[in-house]
Amino acid sequence: MHLLLSTGMSGFSPISAAIGGLCIGLASVLLMATTGRIAGISGFVSRLLPPYEDGQFLVRVAFVAGIIAGPAIYAFTSGTPTEVDVTSNVPLLMAAGFLVGLGTVIGSGCTSGHGVCGTARLSVRSIVATLLFLATAMTTVFLMRHVLGVQ
């Protein structure tokens, strides 16, 4: 399966990575300063469904739309769209996506909320959650690739 919006590791550069990191940090700070909200993607996506209790539905729509449009805007403005090969099978990716979603509900947040915003605020809960996310991801990759032989 080819995706023609994102850059692969062959297009990686420390400068583009630093600019991307600065943009994520700046967006997180601006969101917190203007709305008082933490930029947790799982929270934004899950709160697109009713009930709408805080009147910030449009903020959530804009945030999620920006995440979806970002790679396309980058590819369009840079003029360098590259292909990314998804080598795993689609049912396995869907199962993995479901488990990640379940984990974010159980953990009350995802890597963006806990990993980017929570650790920057020195939240012990977020630091522990982020360490658990990383350990689980490394263990899963090791088991899937080196024990079960799944790509």
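Values in this document were obtained by computation on a predicted structure and should not be read as measured data.
- Among residues two or more places apart in sequence or in another chain, the side-chain hydrogen bond (donor to acceptor under 3.5 Å, both in side chains) test is passed with R60 by D54.
- Under the 4.5 Å side-chain contact rule for hydrophobic residues, L58 and I68 share a cluster.
- One finds the SG atom of C23 at 10.5 Å from the CG atom of L30 (value rounded to the nearest 0.5 Å).
- I73 and I19 fall into different hydrophobic clusters, where Ile, Leu, Val, Met, Phe, Trp and Tyr are joined by side-chain heavy atoms under 4.5 Å apart, directly or via other members.
- Summarising the geometry of G113 relative to C117, their closest heavy-atom pair is O-CB, 3.4 Å, with the distance given to 0.1 Å.
- Side-chain heavy atoms closer than 4.5 Å link hydrophobic residues (I, L, V, M, F, W, Y) into clusters, and following such links, even through other members, never connects L99 to V147.
- In this structure, the side chain of T35 does not engage the main chain of M32 through any donor-acceptor pair within 3.5 Å.
- Looking at H114, its side chain never comes within 3.5 Å of a backbone N or O of G40 through a donor-acceptor pair.
- Ring pair F63/F44 is parallel by interplanar angle, where below 30° counts as parallel and above 60° as perpendicular.
- Using a 4.5 Å heavy-atom threshold, the side chains of V141 and H146 count as separate.
- Remark: L26 CG is packed, more than 12 non-hydrogen atoms of other residues, nucleotides or ligands lying under 6.0 Å away.
- Once rounded to the nearest 0.5 Å, the distance linking CG of L131 with CD1 of I127 reads 7.5 Å.
- Cluster annotation: V64 is connected to V61 through the hydrophobic network of ILVMFWY side chains, with a link wherever side-chain heavy atoms come within less than 4.5 Å.
- For the pair R125 and S108, the minimum side-chain heavy-atom distance is below 4.5 Å.
- Remark: side-chain polar atoms of T119 are not paired, donor with acceptor, to backbone N or O of L122 under 3.5 angstrom.
- Minimum interatomic distance between G115 and T130 (heavy atoms only, all atoms of both residues): CA-OG1, 3.3 Å.
- Between L92 and V150, some side-chain heavy-atom pair lies under the 4.5 Å cut-off.
- The closest donor-acceptor contact from the side chain of S126 to the backbone of S123 lies at 3.5 Å or more, if one exists at all.
- The only option from V105, T104, T111 that meets the side chain to side chain contact (heavy atoms under 4.5 Å, CB included) definition with S42 turns out to be T104.
- Atom OG of S112 and atom CD1 of I41 lie 4.0 Å apart (nearest 0.5 Å).
- A 6.0 Å sphere centred on CZ of F76 holds no more than 12 heavy atoms belonging to other residues, nucleotides or ligands.
- For T139 and T136, the side-chain atoms include no donor-acceptor pair closer than 3.5 Å.
- Hydrophobic clustering (ILVMFWY, side-chain heavy atoms < 4.5 Å, transitive): V59 and L48 are in one cluster.
- With values rounded to the nearest 0.5 angstrom, T140 atom OG1 is found 10.5 Å from L148 atom CG.
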